[in-house]
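Heads up: the structure comes next, in structure tokens.
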Amino acid sequence: MDPAAPPAVSDTAPPPSSSHTRLLSVEFWVGNPFFAASFYQDKFGMECVGYRGLETGDRVRSSILLRQGAVLMSFTGSLSPDDEEFHQHQRLHGDSVRDVVLLVDDVEATFNRCVTDCLATPLVAPCKILAPGVDGTSVEVLKAQVAVPYGNWTHTLYSASGREQWK
């Protein structure tokens, strides 16, 4: 190898990760979730598949979940003037992405890599939660959450193993 030649890409690139990642959903924090959702339904043909708000018992925030194929988008707005986290985010960023939800093969390894290599702030350490299963039972799923150091949004990580059993 010529010492004056630049190193080959394989000499400087980090080893490939064995963890496969897939986007599950994106949550937007918006001033008016009904308007935002109706825009995406009208312009992009997305279908409403879920709602959370006063009618479902949530007195703090309302959310509308849209789907188009495998893409899920959630539009969340505040119902309470006391929701300081939401309103502070709105003052700084306006309508914007708040959470990117990813399916990963290894939640703990991905979480650790985000914290050490990407300087993300750990919000929820890897822990097991129960998700509704397709057959009415509960499925145990590994979850973690980190705040990225740019953009003021979070990444929520879910275990991809057993995903076919989720509702």
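Values below: every heavy atom of this structure, side chains too, minus hydrogens, waters and symmetry copies.
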Nearest 0.5 Å, please: how far is [atom2] in [Y] from [atom1] in [X]?
{"X": "Leu103", "Y": "Thr110", "atom1": "CG", "atom2": "OG1", "value": "11.0 Å"}
{"X": "Met46", "Y": "Ser38", "atom1": "CE", "atom2": "OG", "value": "13.0 Å"}
{"X": "Phe28", "Y": "His93", "atom1": "CZ", "atom2": "NE2", "value": "14.0 Å"}
{"X": "Leu142", "Y": "Glu108", "atom1": "CG", "atom2": "CD", "value": "5.5 Å"}
{"X": "Trp29", "Y": "Gln88", "atom1": "CH2", "atom2": "CD", "value": "11.0 Å"}
{"X": "Lys143", "Y": "Ile129", "atom1": "NZ", "atom2": "CD1", "value": "5.5 Å"}

Whether Arg98 engages the ring of Trp153 as a cation-pi pair (distance to the six-membered ring centre under 6.0 angstrom, angle to the ring normal within 45°) should be assessed. no
Is there side-chain contact between [X] and [Y], with at least one heavy-atom pair below 4.5 Å?
{"X": "Glu27", "Y": "Thr76", "value": "yes"}
{"X": "Met73", "Y": "Ser25", "value": "no"}
{"X": "Tyr158", "Y": "Thr156", "value": "yes"}
{"X": "Gln145", "Y": "Leu157", "value": "no"}
{"X": "Val146", "Y": "Leu123", "value": "no"}
{"X": "Cys127", "Y": "Val124", "value": "yes"}
{"X": "Ile64", "Y": "Phe34", "value": "yes"}
{"X": "Leu66", "Y": "Val49", "value": "no"}

For the backbone of Gly45 and the side chain of Gln41, can you confirm whether one donor and one acceptor N or O come within less than 3.5 Å of each other? no
Is it true that a side-chain atom of His87 and a backbone atom of Ser80 form a donor plus acceptor pair closer than 3.5 Å? yes
[X] and [Y]: same hydrophobic cluster, using ILVMFWY side-chain contacts below 4.5 Å?
{"X": "Phe35", "Y": "Leu65", "result": "no"}
{"X": "Phe86", "Y": "Val26", "result": "no"}
{"X": "Leu23", "Y": "Tyr40", "result": "yes"}
{"X": "Phe75", "Y": "Val71", "result": "yes"}

Please evaluate residues Arg61 and Leu79 with respect to the criterion side-chain contact (heavy atoms from CB on, under 4.5 Å), reporting the C-alpha separation (whole Å), side-chain torsions for both, the decisive distance (0.1 Å), and the verdict. CA-CA 5 Å; Arg61 295 184 183 150; Leu79 300 171; 5.6 Å; no
Restricting to non-hydrogen atoms, name the atom on Pro33 and the atom on Ser62 that form the minimum distance, rounded to 0.1 Å. CG-OG, 3.5 Å
To check you understand the geometry: which heavy-atom pair defines the closest contact between Val141 and Ser159, and what is its length? CG1-N, 4.2 Å
Among pairs that include at least one residue of residues 49-59, which meet side chain to side chain donor-acceptor pair (under 3.5 Å), considering only residues two or more places apart or in two chains? Tyr51-Glu55, Arg52-Asp58, Arg52-Ser63
